[in-house]
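In what follows, chains are A, B, ... by sequence order, proteins preceding strands, each numbered from 1. Basis for what follows: all heavy atoms, side chains included, without hydrogens, waters or symmetry-related copies.
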There are 4 protein chains.
Amino acid sequence: MKVFEQTESEVRSYCRSWPTVFSRAQGSRIYDESGRGYLDFFAGAGSLNYGHNHPQLKLKLLGYLVNDEIVHALDAYTVAKREFLETFRRVVLEPRGLDYKVQFTGPTGTNSVEAALKLARKYTGRETVVSFTNAFHGMTLGSLSVTGNSMKRGGAGVPLNHVFTMPYDNYLDGATPDFMLFERMLTDNGSGLDKPAAVIVETVQGEGGLNEASAGWLRSLADLCKRHEMLLIVDDVQMGCGRTGPFFSFEDAGIVPDIVCLSKSLSGYGLPMAVTLMRPDLDVWEPGEHNGTFRGFNPAFVTATAALAFWEGEGLREQTLAKGEAVAGALDALADEHDKAITGRRGRGLAQGLAFTDPPAAGRVCAEAFERGLLMETSGPDGEVAKLLPPLTITDRELAEGLDIVRESVAAALEA
Amino acid sequence: MKVFEQTESEVRSYCRSWPTVFSRAQGSRIYDESGRGYLDFFAGAGSLNYGHNHPQLKLKLLGYLVNDEIVHALDAYTVAKREFLETFRRVVLEPRGLDYKVQFTGPTGTNSVEAALKLARKYTGRETVVSFTNAFHGMTLGSLSVTGNSMKRGGAGVPLNHVFTMPYDNYLDGATPDFMLFERMLTDNGSGLDKPAAVIVETVQGEGGLNEASAGWLRSLADLCKRHEMLLIVDDVQMGCGRTGPFFSFEDAGIVPDIVCLSKSLSGYGLPMAVTLMRPDLDVWEPGEHNGTFRGFNPAFVTATAALAFWEGEGLREQTLAKGEAVAGALDALADEHDKAITGRRGRGLAQGLAFTDPPAAGRVCAEAFERGLLMETSGPDGEVAKLLPPLTITDRELAEGLDIVRESVAAALEA
Amino acid sequence: MKVFEQTESEVRSYCRSWPTVFSRAQGSRIYDESGRGYLDFFAGAGSLNYGHNHPQLKLKLLGYLVNDEIVHALDAYTVAKREFLETFRRVVLEPRGLDYKVQFTGPTGTNSVEAALKLARKYTGRETVVSFTNAFHGMTLGSLSVTGNSMKRGGAGVPLNHVFTMPYDNYLDGATPDFMLFERMLTDNGSGLDKPAAVIVETVQGEGGLNEASAGWLRSLADLCKRHEMLLIVDDVQMGCGRTGPFFSFEDAGIVPDIVCLSKSLSGYGLPMAVTLMRPDLDVWEPGEHNGTFRGFNPAFVTATAALAFWEGEGLREQTLAKGEAVAGALDALADEHDKAITGRRGRGLAQGLAFTDPPAAGRVCAEAFERGLLMETSGPDGEVAKLLPPLTITDRELAEGLDIVRESVAAALEA
Amino acid sequence: MKVFEQTESEVRSYCRSWPTVFSRAQGSRIYDESGRGYLDFFAGAGSLNYGHNHPQLKLKLLGYLVNDEIVHALDAYTVAKREFLETFRRVVLEPRGLDYKVQFTGPTGTNSVEAALKLARKYTGRETVVSFTNAFHGMTLGSLSVTGNSMKRGGAGVPLNHVFTMPYDNYLDGATPDFMLFERMLTDNGSGLDKPAAVIVETVQGEGGLNEASAGWLRSLADLCKRHEMLLIVDDVQMGCGRTGPFFSFEDAGIVPDIVCLSKSLSGYGLPMAVTLMRPDLDVWEPGEHNGTFRGFNPAFVTATAALAFWEGEGLREQTLAKGEAVAGALDALADEHDKAITGRRGRGLAQGLAFTDPPAAGRVCAEAFERGLLMETSGPDGEVAKLLPPLTITDRELAEGLDIVRESVAAALEA
């Protein structure tokens with residue numbers, strides 16, 4: 001590991017929690033070079049919803065590469081892109097009555113968010129974007145502006161402007177009516193809130209501590225946006241592609257955002273890929289006005305197309321919800337058992353976690369889990385939430401095994 | 001092609017110049033679904049320096065994927081990353097006497113630039129970055145701020161600040177001494193130029209019109225930076241990895257930048273990958289202060305490691321310089337022949353082009369080339385430069401074939 | 001009046017409500033050139049707390065000018081400035097146990113605010129300043145940033161940044177606990193609120209609609225600032241110099257701001273003058289780091305010194321409170337009588353008004369009052385408040401006369 | 001002086017150079033409380049072009065005050081304002097063929113500049129303003145952004161944006177053609193210079209070191225602005241009202257700015273007053289969109305009207321030019337005599353100075369002059385220029401007396 005310590009920047013982070021060198025992975029398991037296996041309740045921070053190296057996707061990918069099909073083509077038309085677009089329309093958009101246009105941005109979540117922010121500002125001619133407390137949207141300058149974390153914001157080295165932060169759902173434990181302040185400021189000519197171009201929101205805040213917005217809150221937000229002519233951007237980079245059950249995390253709330261950001265599990269195989277979806281009438285881009293070298297990484301389109309097979313029918317959604325209930329049950333039991341140390345269960349679907357009264361306890365839980373052969377990470381502004389993001393394709397047996405390790409790890413961490 | 005027009009955003013651009021659907025590619029040729037082949041003098045905008053689907057890289061990549069090695073691991077330690085780091089040190093850094101630390105950023109050029117800008121600001125505690133006229137550094141908000149193109153800047157929707165633009169080498173056709181203004185403003189307490197954190201520069205401005213900085217100009221710039229304690233960032237995203245001959249485009253000038261951005265051809269196979277290199281004492285990042293989901297896309301590390309084999313010895317560099325001379329000869333002849341229509345030859349190595357008096361002529365040249373089975377694009381603020389970026393691995397025969405097509409296309413375009 | 005319409009910019013405003021040409025004024029009365037007198041319940045927007053051309057001040061001013069004493073001296077030491085400083089310390093600061101240092105800024109309220117904001121940012125090294133909904137702090141770019149009014153903000157022509165707006169006291173009609181959101185955001189590392197340099201507040205928002213902060217709210221705010229190391233700036237430009245009773249409007253709340261802005265009635269005679277008061281340890285200015293040509297307008301120091309005679313003893317304060325009660329009684333009666341049209345009484349001391357359900361009604365009240373020989377203006381984000389700012393030195397008889405006109409004007413305006 | 005040191009902020013500056021307490025002043029002389037007189041070659045930093053307490057102005061002012069005419073009226077119509085507007089049109093605008101509308105801003109130069117910047121941005125819908133190296137436009141945030149001095153900029157505490165700095169006339173000692181860079185950047189779509197709303201310029205940079213723009217340079221600038229649809233703002237706060245000879249300092253260049261800022265000597269008596277003049281079609285302000293409490297300080301209108309009597313006929317202009325020649329002669333002789341220590345003479349009209357090779361020498365000259373009974377100050381980014389700003393009304397005898405002191409002071413300072 002010395003070469004890493006000598007040559008890789010101090011910015012490296014996950015490797016500090018998991019001091020080993022990984023070499024292979026399959027499904028829900030990842031192995032280090034000594035051959036030790038780990039159950040993966042981290043799933044590439046939500047990029048591996050179908051597990052590692054899923055055989056169906058792998059076969060498509062290998063076939064594509066073997067045949068010398070197009071790897072890199074910027075935004076030239078390719079067969080692989082056409083198949084992705086057709087499949088995405090047929091499997092995802094049409095059954096949900098959605099009519100989005102698709103922008104292939106640089107292949108990262110933050111690039112999809114940057115494109116969304118630029119488009120919203122261009123379309124409305126306004127600068128301010130409203131984001132929420134504990135939001136996480138990315139590390140490039142535009143996305144960082146709408147991100148809440150103070151350490152990450154401090155890294156910008158310049159003030160982060162053109163943003164106004166509103167409290168997320170239940171931020172004040174129910175002590176104030178939802179959106180009362182927001183609506184008052186929008187209707188008050190003296191509020192100091194310059195009319196926003198857009199609101200950007202996550203339905204569940206993965207990095208922010210697995211805070212979840214209720215369906216009612218999301219509907220009220222969508223309604224507020226409509227009434228005040230603000231565009232609604234849902235950043236579904238982490239919670240989309242089925243992480244909470246449905247393909248889009250906002251489906252159950254019955255809302256239709258104006259712009260949607262997708263990345264992470266979109267390619268299904270861990271290949272970099274991102275898109276920004278937009279209402280057709282918002283598509284006011286000039287050709288090339290936002291571009292990027294790797295926006296046409298075609299192998300990702302191939303695995304993404306293959307991964308959409310999981311979304312023909314309701315199977316995956318139902319399984320995810322069922323597994324989510326299993327997780328909820330296990331975590332609720334832990335929260336009951338350790339009611340002083342654990343504030344409560346957070347999140348939904350297969351994005352759940354436990355919040356600890358003493359933030360370092362969450363980190364100790366993850367460390368104990370690693371010792372026991374399970375990967376999981378913390379989230380939240382103080383790292384106070386131990387976060388479970390297993391692959392959606394995890395077997396019930398693996399899930400049970402992992403939850404057992406979580407239980408032991410919590411006990412061990414709280415004893416310490 | 002209807003599905004693209006109906007479903008893909010209007011932001012798409014290259015497809016407008018090349019109205020066909022590509023399916024396969026090998027070496028310097030790319031084929032559309034009708035089977036027609038095109039010589040590729042575009043090379044993924046500089047991302048395919050070793051051509052499409054190079055067999056040596058392909059074999060490594062297929063072997064890696066077949067064996068279920070790690071695809072996605074954020075910044076956990078992996079075998080593939082270790083091999084890349086070791087090889088990069090041995091083949092690239094050590095022989096050149098360089099001692100950089102390596103940050104794996106999100107896998108795009110703009111992300112590498114964003115990291116560089118953040119680090120320079122954090123390290124110095126200053127905000128202003130100096131960039132140059134006609135610079136191109138990317139489309140996310142931080143990189144866009146240091147980019148010159150007015151159409152792209154307009155897409156931001158917010159003012160782009162914390163930047164001061166200086167004239168690039170020969171911007172005023174030699175009418176003013178290099179850096180006279182810059183140095184005067186730095187030493188004048190009343191100049192209004194807030195002391196910069198850094199200067200960011202491309203040695204040849206690929207998107208800006210193939211403007212090239214001379215070795216002397218670059219040395220003077222490096223010297224200016226040292227004397228005034230500004231960090232020197234070289235954005236080698238397009239010109240690095242051998243595009244102008246040496247691995248780093250700044251080698252021949254004998255300068256050592258404080259920070260270097262690499263991406264595009266780094267993976268060698270068109271796989272998204274980017275790094276930011278920094279002087280070790282600049283590595284003041286907190287763990288996780290800049291991150292990104294796809295910063296650990298390991299298949300790219302595998303092909304990147306394999307591609308470094310091209311850099312053992314001086315062969316590739318010499319071949320590129322020789323091919324560059326062939327290109328220069330052909331373009332000079334064209335510039336002589338059409339001396340009213342063509343302003344002159346631009347660029348160096350295998351990044352060269354012809355600047356046209358009437359900007360649309362450059363576009364017509366590219367259109368004629370496409371008709372004749374050659375892909376090339378325009379660059380420059382008015383699209384006035386027809387730009388040749390063939391793979392470094394192109395055969396002499398293919399190069400000659402392509403230059404013939406260029407010759408015919410210029411003639412046809414200027415007759416029109 | 002034609003010369004005004006032809007030659008003066010369209011930005012002129014008060015003259016549109018009072019279409020006559022004024023020539024003389026004495027005490028609470030102002031006369032137009034036809035000789036018609038008006039009771040002045042406007043008092044130079046709070047700049048004439050001692051009425052027009054008060055004889056005591058006038059004598060001092062005439063004597064000073066006649067003797068060719070210093071009129072303009074930038075910040076050279078002068079006899080007049082020394083007398084002001086000594087008197088201000090003796091009469092204002094020492095009896096209140098205050099230990100401020102005095103900065104003479106450019107002679108306007110907005111300049112005092114700009115100095116306060118700069119000092120707070122310099123001292124703390126932070127950028128963000130928290131201001132409140134419906135705040136008014138001035139029209140230059142720094143002050144405008146912390147001002148709420150959307151029409152005024154729109155005039156900036158650039159985005160107004162480095163500011164976060166919090167709800168003022170009772171902004172949501174008691175539906176949320178005071179400062180709950182503010183404190184939560186300060187203690188939450190993920191809130192997106194960059195740690196503020198300072199909070200700037202008016203104790204009663206004169207332009208914002210005569211919203212008043214309670215003593216308890218102000219104390220909580222001061223406490224919040226102390227606990228989170230934010231500087232507390234009270235902008236007492238309009239409410240200071242006795243407008244609400246005590247010399248400083250924050251005295252009754254028992255708080256001691258870190259920085260205080262004074263202007264308007266400070267000179268007592270309508271002469272431009274402003275100061276910024278600061279805790280001595282905050283005085284980290286470099287000599288000349290903030291300056292301004294008219295910061296040493298000595299005749300204003302002379303009348304300001306003379307005006308401080310009003311503050312020897314408690315007389316003026318008690319009279320103001322008593323007159324304020326008379327005003328409150330009259331306005332309450334009106335609010336009762338017209339309970340559908342009038343939302344309620346606003347403000348305190350001699351800064352009170354009536355808020356109307358239908359905003360234009362407030363404007364009609366002022367127009368009716370002008371017809372009846374009384375000057376008063378509207379305030380609030382929609383101009384919905386008819387605002388009474390009589391001189392503190394108004395006689396009881398004049399006050400009663402004015403309140404009668406207000407009563408008639410309200411009746412007439414609501415009948416219309 | 002102890003009360004000053006204990007009570008006045010450290011920001012005080014001129015008093016540090018002139019450690020005495022002033023009490024009276026008449027014409028070109030100012031007296032301290034011990035009765036010692038000083039010739040005033042400072043003139044309130046250009047605010048006292050007609051000397052201290054000019055008898056004609058004083059009589060008008062006393063008469064106005066004695067009769068209880070209006071002192072403070074915001075922007076209500078008054079007799080005094082009407083007389084000023086009529087006289088200003090008749091004496092200043094009409095004879096020069098100018099057709100400006102007049103905005104009464106807050107009564108300081110910086111406020112006039114803030115209004116100009118806001119109007120230019122509002123009118124054009126653009127944000128960037130171009131200013132020049134070593135410009136000085138004021139200390140409030142908008143004006144400070146277009147000011148060059150690094151110490152003053154540092155006081156902002158926030159980054160100063162929306163501005164691009166160009167080299168002033170002769171900034172590079174003739175090594176580059178005027179405006180070559182500026183024009184190139186304006187016409188180059190890739191220059192990174194966002195299309196400017198306006199250019200703001202001083203014809204002679206008073207604070208910046210008495211750098212003067214030639215008539216030809218100013219004409220080229222005006223022409224550039226016209227061709228590129230940028231508004232031309234002349235900040236004539238210090239150089240206007242006859243300081244360089246003509247009423248407007250730009251008259252001799254034959255240009256007509258779109259917007260002009262006036263303050264300092266406008267009232268003629270040291271009373272705070274400022275206006276922004278604008279081409280009538282630029283007057284797109286909403287009523288009250290830019291305002292300020294002391295924009296209607298009527299005694300200043302009275303003395304300003306009286307002062308315009310100096311401008312009936314060509315007398316003052318010619319006398320100023322003649323006196324300017326006398327100053328130039330004396331300074332040229334000094335520069336010749338001390339050609340190693342003195343870089344050269346700077347400025348024109350009655351705004352001239354000597355630049356010293358060793359910057360502290362200029363300060364020592366001023367200190368020696370103070371010892372000898374003459375007030376003068378330094379300017380320039382390093383305080384390297386000893387600056388002479390005598391009243392325009394100085395007698396030839398006083399001027400000669402002062403120049404003698406300057407001569408002795410230079411000798412003494414250079415001996416030290």
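- Of the atoms belonging to C:Phe84, not a single heavy atom falls under 4.5 Å from chain D.
- The aromatic rings of C:Tyr77 and D:Phe4 sit parallel to each other, their planes meeting at less than 30°, with 60° as the upper class boundary.
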Chi angles and distances behind the side chain to side chain contact (heavy atoms under 4.5 Å, CB included) call for C:Val3, D:Glu86: CA-CA 7 Å; C:Val3 66; D:Glu86 286 169 349; 3.8 Å; yes

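- One finds the CZ atom of C:Arg24 at 8.0 Å from the CD atom of D:Glu69 (value rounded to the nearest 0.5 Å).
- Side-chain contact between C:Met278 and D:Ser9 is present, with heavy atoms from C-beta onward closer than 4.5 Å.
- Put simply, the side chain of C:Arg295 reaches to within 4.5 Å of the side chain of D:Tyr14, judged on heavy atoms.
- When D:Met139, D:Lys81, D:Lys264 are compared by the number of non-hydrogen pairs under 4.5 Å with chain C, D:Met139 comes out ahead.
- The shortest distance between side-chain heavy atoms of C:Phe297 and D:Phe297 falls below 4.5 Å.
- Of all the listed residues (C:Asp68, C:Thr78, C:Asn291), the one sharing the greatest number of non-hydrogen pairs under 4.5 Å with chain D is C:Asp68.
- For D:Lys60, the NZ atom is loosely surrounded, since the number of other residues' heavy atoms within 6.0 Å does not exceed 12.
- Your options are D:Met1, D:Gln238, D:Arg121, D:Arg153, and the one with the most heavy-atom pairs under 4.5 Å with chain C is D:Arg121.
- Heavy atoms of C:Ala76 lying under 4.5 Å from chain D belong to its backbone as well as its side chain.
- Looking at heavy atoms from C-beta onward, C:Lys101 lies out of side-chain contact with D:Gln6 at the 4.5 angstrom threshold.
- What you find for C:Thr108 and D:Thr108 is that their closest heavy atoms are CG2-CG2, 4.4 Å.
- Residues C:Thr293 and D:Ser263 have side chains not in contact (no heavy-atom distance under 4.5 Å, counting atoms from C-beta outward).
- Interface residue C:Ile30: only side-chain heavy atoms are found under 4.5 Å from chain D.
- With hydrogens and angles disregarded, a donor-acceptor distance shorter than 3.5 Å links the side chain of C:Lys152 to the backbone of D:Gly288.
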Stepwise side chain to side chain contact (heavy atoms under 4.5 Å, CB included) test for C:Leu74 and D:Phe42: CA-CA 10 Å; C:Leu74 287 124; D:Phe42 170 59; 3.1 Å; yes

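- If you tally non-hydrogen atom pairs under 4.5 Å between each of C:Gly157, C:Pro19, C:Gly46 and chain D, the highest count goes to C:Gly157.
- Across D:Gly155 and C:Glu289, no two heavy atoms sit closer than the pair CA-OE2, 3.3 Å.
- Contact check for C:Gln103 versus D:Arg12: no side-chain heavy atoms found under the 4.5 Å cut-off.
- Among the candidates D:Ser47, D:Ala120, D:Ala45, the residue making the largest number of heavy-atom pairs closer than 4.5 Å to chain C is D:Ser47.
- Remark: side-chain polar atoms of D:Asp75 are paired, donor with acceptor, to backbone N or O of C:Ser13 under 3.5 angstrom.
- The side-chain heavy atoms of C:His52 and D:His72, taken from C-beta on, include no pair separated by under 4.5 Å.
- In this structure a side-chain-to-backbone donor-acceptor pair under 3.5 Å is present from C:Asp283 to D:Glu10.
- Rounded to the nearest 0.5 Å, atoms CD (C:Glu8) and CG (D:Leu85) are 6.0 Å apart.
- Checked by atom type and distance alone, the side chain of D:Lys58 pairs as donor or acceptor with a backbone atom of C:Val66 at under 3.5 Å.
- Here the side chain of D:Glu114 pairs a donor or acceptor atom with the backbone of C:Leu141 at under 3.5 angstrom.
- With C:Asn53 contributing its side chain and D:Ile70 its backbone, the two residues share no donor-acceptor pair below 3.5 Å.
- Between chain C and the options D:Trp18, D:Phe88, D:Tyr123, D:Phe22, heavy-atom pairs under 4.5 Å are most frequent for D:Phe22.
- Atoms CG and CG, on D:Leu62 and C:Leu61 in that order, are 8.5 Å from each other to the nearest 0.5 Å.
- In this structure, the portion of C:Leu144 lying under 4.5 Å from any heavy atom of chain D is its side chain and not its backbone.
- Here the side chain of C:Lys118 pairs no donor or acceptor atom with the backbone of D:Val158 at under 3.5 angstrom.
- Residues D:Pro159 and C:His162 are in side-chain contact: their nearest non-hydrogen atoms beyond the backbone lie under 4.5 Å apart.
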Side chain to side chain contact (heavy atoms under 4.5 Å, CB included) assessment of C:Val71 paired with D:Tyr269: CA-CA 8 Å; C:Val71 169; D:Tyr269 204 76; 3.8 Å; yes

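- Ion pairing between a basic and an acidic side chain is recognised when a charged N comes within 4.0 Å of a carboxylate O; C:Arg82 and D:Glu33 show such pairing.
- C:Asn67 contributes atom CG, which lies 12.0 Å from atom CD of D:Gln26 (distance to the nearest 0.5 angstrom).
- Only the backbone of C:Thr20 comes within less than 4.5 Å of a heavy atom in chain D; its side chain stays farther off.
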Intermediate values then yes/no, side chain to side chain contact (heavy atoms under 4.5 Å, CB included), C:Val11 and D:Leu119: CA-CA 11 Å; C:Val11 81; D:Leu119 185 65; over 6 Å; no

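- With a 4.5 Å cut-off on non-hydrogen atoms, C:Glu5 touches chain D through its backbone and its side chain both.
- Taking CG of C:Asp99 as the reference point, atom OG1 of D:Thr7 lies at 9.0 Å (rounded to 0.5 Å).
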